[in-house]
Amino acid sequence: MVNLIGTYECKADVKGRLMVPAPLKKQLTPVMTEGFVIKRAVFQPCLEMYPMNEWNALMQKMGELNRFNRKNNDFIRRYTAGVKTVELDATGRLLIPKDLLSFAGITKEIVISTAINIVEIWDKEKYEQAIDDAANDFADLAEEVMGDASDAAHGIS
């Protein structure tokens, strides 16, 4: 599993290409040859980029769902809608497909934010708004998600 770290600001050109920041590119180097999958996020107006090995592990889990269950089938279809494979070019640029740029409202200013094993790609204004909106609720969310007493034994604080 890849453990990515960092939040970076960059710009997209008119063709939807962005230069992946050097510190992130260095972290992605071990998985770069396999390529990436980029898709619409489920909960936010951003894109998610998965290293291919992470995507394949996720697809293996989803492949275990019973496709004769309508909800499972609908979920798989919607989750994978608009999915594209992408690679970094020789200069370290990433070309984001136009339909995905449109979905995320990305114009020029971009924030690339790592989320453990994936990369989120945001329009800068939407990212800042999402962070600001979540700021008030974050303490409660942190307590609810991470505050279980059993987590203290694992050194999470």
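In this chain, residues are counted from 1 in sequence order.
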Same apolar cluster: Ile96 and Phe103, side chain cutoff 4.5 Å: yes
Shortest non-hydrogen separation from Lys25 to Val20 and the atoms involved: N-CG1, 3.8 Å
Closest heavy-atom pair and its distance - Ala104, Cys46: CB-CA, 4.0 Å
Sidechain-backbone polar pair: Asn72 side chain, Leu65 backbone, donor-acceptor under 3.5 Å: no
Minimum side-chain heavy-atom gap Asn3-Asn117 below 4.5 Å: no
Rounded distance (nearest 0.5 Å) linking atom CD of Glu120 with atom CD1 of Ile118: 5.5 Å
Which atom of Ile38 lies closest to which atom of Pro97, heavy atoms considered: CG2-CD, 4.3 Å
Hydrophobic cluster identity match, Val42 and Leu100, side-chain contacts under 4.5 Å: no
Over 12 foreign heavy atoms within 6.0 Å of CZ, Arg78: no
Glu34 and Asn53, any side-chain heavy atoms less than 4.5 Å apart: yes
salt_bridge(Asp74, Lys71) N-O dist < 4.0 Å: no
Lys108 and Asp13 ion-paired at < 4.0 Å: no
Same apolar cluster: Trp55 and Leu4, side chain cutoff 4.5 Å: no
Pro51 versus Val31, closest heavy-atom pair with distance: CB-CG2, 3.8 Å
Tyr8 versus Pro21, closest heavy-atom pair with distance: CB-CG, 3.5 Å
Side-chain (Ser102) to main-chain (Lys98) donor-acceptor, under 3.5 angstrom: no
Gap separating the CZ atom of Phe138 from the CD atom of Glu143, nearest 0.5 angstrom: 12.0 Å
Pair Glu125, Tyr127: side-chain N/O donor-acceptor within cut-off below 3.5 Å: no
Under 3.5 Å: donor-acceptor pair, side chain of Gln27, backbone of Ile5: yes
Phe68 side chain near Asn73 side chain, heavy-atom distance below 4.5 Å: no
Donor + acceptor pair across side chains of Asp133, Gln129 (<3.5 Å): yes
Min side-chain heavy-atom separation Ile112-Leu18 under 4.5 Å: yes
Within-4.5 Å side-chain heavy-atom neighbours: Met52 and Thr85: yes
Trace of the salt bridge (Lys or Arg N to Asp or Glu O under 4.0 Å) decision for Asp99 with Lys84: CA-CA 10 Å; Asp99 62 324; Lys84 306 273 191 312; 2.9 Å; yes
same_hphob_cluster(Phe43, Met62) at 4.5 Å side-chain heavy-atom cutoff: yes
Short side-chain to backbone donor-acceptor contact, Thr114 and Gly6, under 3.5 Å: yes
Value rounded to 0.5 Å, distance of SG in Cys10 from CG in Leu94: 9.0 Å
Within 6.0 Å of OH in Tyr79, more than 12 heavy atoms from elsewhere: yes
Student check: side-chain heavy atoms of Trp122 and Gln44 closer than 4.5 Å: yes
Arg93 side, atom CZ; Met19 side, atom CE - distance, nearest 0.5 Å: 6.0 Å
Enclosure of Glu87 CD (heavy-atom neighbours >12, cutoff 6.0 Å): no
Transitive ILVMFWY side-chain link Met32 to Val119, under 4.5 Å: yes
Side-chain touch Ile121/Ile110, heavy atoms, less than 4.5 angstrom: yes
Intermediate values then yes/no, side chain to side chain contact (heavy atoms under 4.5 Å, CB included), Leu47 and Lys39: CA-CA 6 Å; Leu47 304 175; Lys39 66 176 287 302; over 6 Å; no
Inter-residue atom distance Leu95.CG - Leu101.CG, 0.5 Å rounding: 8.0 Å
Rounded distance [0.5 Å steps], CE in Met59 versus CD in Glu54: 12.0 Å
